[in-house]
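Here's the structure, in structure tokens; my notes come after.
For clarity, every value in this text was computed on a predicted model and none was experimentally measured.
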Amino acid sequence: MNGASRDALAAARERLDALTDIASVDATKLADELAAVTALLDREGTLRRALTDPAKSGEAKASLARQLLAGQLGSDSFDLVSGMVRSRWSRSRDLVDAVEELASGADLAAAQRAGQLDDVEDELFRFGRIVSGSTGLRSALTDQVVGGTAKADLLHRLLGGRANPVTERLVVRLVTAPRGRSLEAGIESLSKLAAARRDRMVAEVVSATPLSDQQKQRLGAALARIYGRQVHLNLDVDPEVLGGVRVRVGDEVINGAISDRLDEAARRMAG
């Protein structure tokens, strides 16, 4: 997003954060209702354009939203959506993307409240790795002939009781309503949202052997010095990884032997 849409999304994120900081707010219900609004706006192009029409006043657009959504949403969800349609958007699709992001953000806020955000981050990462390594599973989850209900049933069988309920909800929503994204891109986007809940960056660490606690601490501290903020480590093991360890932060990749090159890698990245 850029221009007006970027500013509108930033304001919507602030309102969501303020709302989910209130203990009495049901973040899961909020996520469900925002997801329903996402589906409606994605499906109804005429409505989407009417709610983002720059020729209409913010109050006129909020009034239209009230006519359509009053009684179907809780007051918290409606207030969020009403504030969003009052804003200016560069493209009508940007509004849909923003509402969808807030739905995911509300689910992640629920996980954070429960002290389970780290679990959700790790499970999203691992699910992405599983999908990348299984052509059959990826095909089953992305086949356009297979209906959303069948895909959801498959995911419930795979994740039910094994993954955090928030992880399951996020993945089911992504798979059943991809909105033109690849599965990998959608999972990466969710992982970034989860990391942003704590203003953290995500480092994907693949090592030939499992890292010791000391090695994890050294790597985390080195990356925190480089980037000036906490970095969450998504850990995986691949015996064939070159150099013993591979670290990717965004587009930057570091390779090196675990025992003696973590500090060297940190200095190289810093310089």
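- Using a 4.5 Å heavy-atom cutoff, the side chains of Leu9 and Asp97 are not in contact.
- A heavy-atom distance below 4.5 Å is found between the side chains of Val249 and Val247.
- Pairs passing the side-chain hydrogen bond (donor to acceptor under 3.5 Å, both in side chains) check and including a residue from residues 129-139, sequence neighbours excluded, read Arg129-Asp236, Arg138-Glu184.
- If you chain together hydrophobic residues whose side chains sit under 4.5 Å apart, Leu159 and Ile130 fall into the same group.
- Ala12 and Leu80 get closest at one heavy-atom pair: O-CD2, 4.4 Å.
- When all heavy atoms of Ala35 and Ala103 are compared, the pair lying nearest together is N-CB, 3.7 Å.
- A side-chain contact (heavy atoms from CB on, under 4.5 Å) with Leu40 is found for exactly one of Leu69, Val99, Leu68, namely Leu69.
- Interatomic distance, Glu121 CD to Leu108 CG, rounded to the nearest 0.5 Å: 8.5 Å.
- Within the structure, every pair that satisfies the side-chain hydrogen bond (donor to acceptor under 3.5 Å, both in side chains) test and touches residues 148-163, not counting sequence neighbours, is listed here: His156-Glu168.
- No option in Val172, Leu124, Leu190, Asp119 other than Leu124 meets the side-chain contact (heavy atoms from CB on, under 4.5 Å) test with Thr167.
- Applying the side chain to side chain donor-acceptor pair (under 3.5 Å) test to Asn234 and every residue at least two apart in sequence or in another chain returns His232.
- The only member of Thr52, Asp42, Leu41 that meets side-chain contact (heavy atoms from CB on, under 4.5 Å) when paired with Arg93 is Asp42.
- Under the 4.5 Å side-chain contact rule for hydrophobic residues, Ile22 and Leu102 share a cluster.
- Ile226 and Val205 end up in the same hydrophobic cluster when Ile, Leu, Val, Met, Phe, Trp and Tyr side chains are linked at under 4.5 Å.
- A distance of 6.0 Å separates CZ of Arg181 from CZ of Arg179, quoted to the nearest 0.5 Å.
- Atom-to-atom distance recorded for Leu155:CG and Leu170:CG is 12.0 Å, nearest 0.5 angstrom.
- Of all the heavy atoms in Val85 and Ala65, the pair that sits closest is CG2-CB, 4.3 Å.
- Checking side-chain atoms of Ser189 against main-chain N and O of Ala185 turns up no donor-acceptor pair under 3.5 Å.
- Here the OG atom belonging to Ser104 is positioned 10.0 Å from the CZ atom belonging to Arg169, to the nearest 0.5 angstrom.
- Within the 4.5 Å cutoff, the side chain of Val206 has no heavy atoms near those of the Val245 side chain.
- Listed here is the closest heavy atom pair of Ala111 and Val120: CB-CG2, 3.8 Å.
- A salt bridge links Asp107 to Arg173: one of the charged nitrogens lies within less than 4.0 Å of a carboxylate oxygen.
- Side chains of Gln116 and Asn164: a donor on one and an acceptor on the other come within 3.5 Å.
- Listed by first then second residue, pairs satisfying side-chain hydrogen bond (donor to acceptor under 3.5 Å, both in side chains) with a partner in residues 57-69 read Glu59-Arg86, not counting sequence neighbours.
- For the atom pair Glu188 CD and Leu193 CG, the distance stands at 11.0 Å (nearest 0.5 Å).
- The shortest distance between side-chain heavy atoms of Met84 and Ser87 does not fall below 4.5 Å.
- Both Val171 and Leu183 sit in one connected hydrophobic cluster of ILVMFWY residues. Membership requires side-chain heavy atoms under 4.5 Å apart, directly or through other members.
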Exercise for the section: Step by step, work out the side chain to side chain contact (heavy atoms under 4.5 Å, CB included) result for Leu154 and Val146. Expected result: CA-CA 11 Å; Leu154 173 59; Val146 179; over 6 Å; no
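- Pairs engaging residues 18-30 under the side-chain hydrogen bond (donor to acceptor under 3.5 Å, both in side chains) rule: none recorded [sequence neighbours left out].
- Atom CG of Leu219 sits about 5.0 Å away from atom CG of Leu233, to the nearest 0.5 Å.
- Legend: residues meeting side-chain contact (heavy atoms from CB on, under 4.5 Å) with Ala4, ordered by chain and number and at least two apart, are Arg88, Ser90.
- At distances below 3.5 Å, not a single donor-acceptor pair connects side-chain atoms of Trp89 with backbone N or O atoms of Asp53.
- Between Leu137 and Leu158, some side-chain heavy-atom pair lies under the 4.5 Å cut-off.
- Put simply, Leu16 and Val37 are part of the same group of oily side chains (I, L, V, M, F, W, Y) that touch within less than 4.5 Å, one to the next.
- Here the shortest heavy-atom pairing between Val231 and Ala203 reads CG1-CB, 3.6 Å.
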Practice task
Test Thr38 against Glu100 for side-chain hydrogen bond (donor to acceptor under 3.5 Å, both in side chains), laying out the working first.
Solution key: CA-CA 6 Å; Thr38 302; Glu100 181 182 47; 6.0 Å; no
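- Counting only N and O atoms by type, the side chains of Ser77 and Glu33 include a donor and acceptor under 3.5 Å apart.
- Of all heavy-atom pairs spanning Ile187 and Gly128, the tightest one is CD1-CA, 3.9 Å.
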Practice task
Test salt bridge (charged side-chain N to carboxylate O under 4.0 Å, His left out) on Arg48 and Glu44 and set out the steps.
Solution key: CA-CA 6 Å; Arg48 184 172 65 241; Glu44 302 292 341; over 6 Å; no
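- Side-chain contact check for Arg49 versus Leu95: every heavy-atom pair is 4.5 Å or farther apart.
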